[in-house]
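Residue numbers begin at 1 in each chain, while the letters A, B, ... track the order of the sequences. None of these values were measured; they are calculated from a predicted model.
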2 protein chains.
Amino acid sequence: MYFYGNFSTMTRSEENYLKAIFHLGGLEHKAVSTNAIADRMETKPSSVTDMAKKLSEKGLVAYTKYKGVSLSKKGSQTALSVIRKHRLWETFLVDKLDFMWDEVHEIAEQLEHIQSEKLIDRLDAFLGFPKQDPHGDPIPSKKGEIQKEYKKLLADVPVATEGICVGVKNSSAPFLRYMDKNSMALGDTIEVLEKEEFDGSLQIKIRNKQIRISNDIATNLFIRPNE
Amino acid sequence: MYFYGNFSTMTRSEENYLKAIFHLGGLEHKAVSTNAIADRMETKPSSVTDMAKKLSEKGLVAYTKYKGVSLSKKGSQTALSVIRKHRLWETFLVDKLDFMWDEVHEIAEQLEHIQSEKLIDRLDAFLGFPKQDPHGDPIPSKKGEIQKEYKKLLADVPVATEGICVGVKNSSAPFLRYMDKNSMALGDTIEVLEKEEFDGSLQIKIRNKQIRISNDIATNLFIRPNE
DNA sequence: AATTAAAATTAGACACGTCTAAAAATATAT
DNA sequence: ATATATTTTTAGACGTGTCTAATTTTAATT
Ligand SMILES: [Mn+2]
Ligand SMILES: [Mn+2]
Ligand SMILES: [Mn+2]
Ligand SMILES: [Mn+2]
């Protein structure tokens, strides 16, 4: 088996690092600090430094000592491909296998590393070319285009704003289960009725019922205000 | 993170070794030689010895130096679980994602290592609890029961035998494509019309058409003779 | 500006899974 | 039974990815 020049098969670990760097650096590919990556990946800074060198070697990131890493074009394309796979698999698990939205992330963390272009294209078609995953996050296109939709944190909109709940910022299982418990779901209409200055808690109307939510909740819910 | 006594998460490599040992040792868990495993896994005998020790440590195989390894109950259960996953995923790829039966093995080699009991149960249900994979191989139950159905190699049945083609022994892509090319598929009715002693080739009727197949083909096709 | 604190890197180690080359055990042939 | 061939194991190495402890660089304080 001959491996030519830039035949690059990513290891699982490399893919995970790229994904973390992408999420931390945003769409503008800002430089990301060693510690930030270590935190997010629950690893040690020294491990991050090692990987930074390796990814830099491969042309996937720009790395300057003590200055952090930033994704190259190639690096961000790879990251987007992994994110695409992650979100398509999550969609599959929820739409086809009837998983709850709080159960799919861990499994998708594994499935996202399956290597087969054809598989993911077929899956995409099978799912009807979904644009968002179960948590409202956009699914990058095959080419790596990510459509960003207009949305704001519920905590950031003024009182009296009405809109549709379109996403969660925190998609950890406990938060998602909180939403289920309180009958809150993506697609629900939300209206901000009152905001408490002291603790940032909100009185909102959702599904025509009034409830009070803490600031902690409000900073993790995305809303698309009506018009 | 604490790992108690028999908390056993298999590595991908361990799973692959167990699977190879299972296939070589058959349902009776015969002892398997180091070289046989190395051949099948395209690795070196020294690597096999190393792994034999490790699997033995974990109670998955019985290993005595120079005598080969044989699966323990626990080892064969694990192997069967991996095989179950492999075959369910292959079925998914063919039935739901419209893959050809010669394309699925490589992808299933990856998917079989995804760890989630729930995922595989749901997938099983989603597929309608299939009993065979696309190559006619039985899918072990959740408990590891493998139904063996009555079938014989086409090369081994006497002239004039008629039956249904129920499986392929060799499920390599080239062989499967040979079948496609010649419009042969599982479920087809086959009748052995004539057998050439010299080279073992057969004249058969399949789908009401007569064709001649080499011994090489006949030793890779399973038939269930009509009663 | 000098000191202290925080962040990042390096040095050295280890587990895993693999390999090559050499040695030992077993099987085969004379 | 002895010699030869084959199989299997051991010894030692290497790449990957991780860690701890020590060092260096950069940032923040006084
Ligand atoms: Mn996720
Ligand atoms: Mn998601
Ligand atoms: Mn297969
Ligand atoms: Mn198969």
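With respect to A:E196 and A:R212, no salt bridge is recorded, no charged nitrogen being found less than 4.0 Å from a carboxylate O. Remark: B:K118 engages A:E103 in a salt bridge, criterion side-chain N to carboxylate O under 4.0 Å. A salt bridge is defined here as a Lys NZ or Arg NE, NH1 or NH2 lying under 4.0 Å from an Asp or Glu carboxylate O, and A:E14 with A:K58 meets this definition.
In this structure, the CG atom of B:N16 is 17 Å from the P atom of C:dC16, given to the nearest Å. One interatomic measurement links the two molecules: CD1 of A:I37 to C1' of C:dA8, which rounds to 12 Å at whole-angstrom precision. Taking atom NZ of residue B:K44 and atom P of nucleotide D:dA13, one finds them 20 Å apart after rounding to whole Å. In this structure, A:K53 atom NZ and C:dT10 atom C1' are separated by 7 Å, rounded to whole Å. Whole-Å rounding puts the A:E57 CD to D:dG15 P distance at 14 Å.
No contact: B:K67 has no heavy atom under 4.0 Å from any strand.
Contact annotation: the side chain of B:M51 never approaches that of B:M41 to less than 4.5 Å [non-hydrogen atoms, C-beta and beyond].
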Check the pair B:K142, B:D121 against salt bridge (charged side-chain N to carboxylate O under 4.0 Å, His left out), reporting the backbone distance first and the verdict last.
CA-CA 8 Å; B:K142 193 172 158 58; B:D121 290 347; 2.9 Å; yes
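In terms of phosphate contacts, A:Y63 brings a side-chain nitrogen or oxygen within less than 4.0 Å of OP1 or OP2 of C:dT9. A close approach under 4.0 Å does not occur between any side-chain nitrogen or oxygen of B:T49 and OP1 or OP2 of D:dT10. OP1 or OP2 of D:dT18 sits under 4.0 Å from a side-chain N or O of A:Y17. At least one side-chain nitrogen or oxygen of A:T43 sits closer than 4.0 Å to the OP1 or OP2 atom of D:dC19. B:N35 has a side-chain polar atom (N or O) that falls below the 4.0 Å cut-off from OP1 or OP2 of D:dT8.
Each of A:T11 and A:Y66 was assigned the nucleotide of DNA chain D with the nearest heavy atom; the assignment lying further toward the 5' end belongs to A:T11. DNA chain D is contacted by both A:S47 and A:K65; A:S47 maps to the nucleotide lying nearer its 5′ end (nearest heavy atom per residue).
For A:S13, the listed nucleotide lying nearest its side chain is D:dT18; candidates were C:dA8, D:dT18, D:dT8. Nearest nucleotide to the side chain of B:M51, out of C:dC19, D:dC19, C:dT18: C:dT18.
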Atom pairs, protein N/O to nucleotides 11-15 of chain C N/O, distance under 3.5 Å:
none

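Using a 3.5 Å distance cut-off with no hydrogens or angles, the side chains of B:H113 and B:N16 do pair a donor with an acceptor. For A:D199 and A:S201, the side-chain atoms include at least one donor-acceptor pair closer than 3.5 Å.
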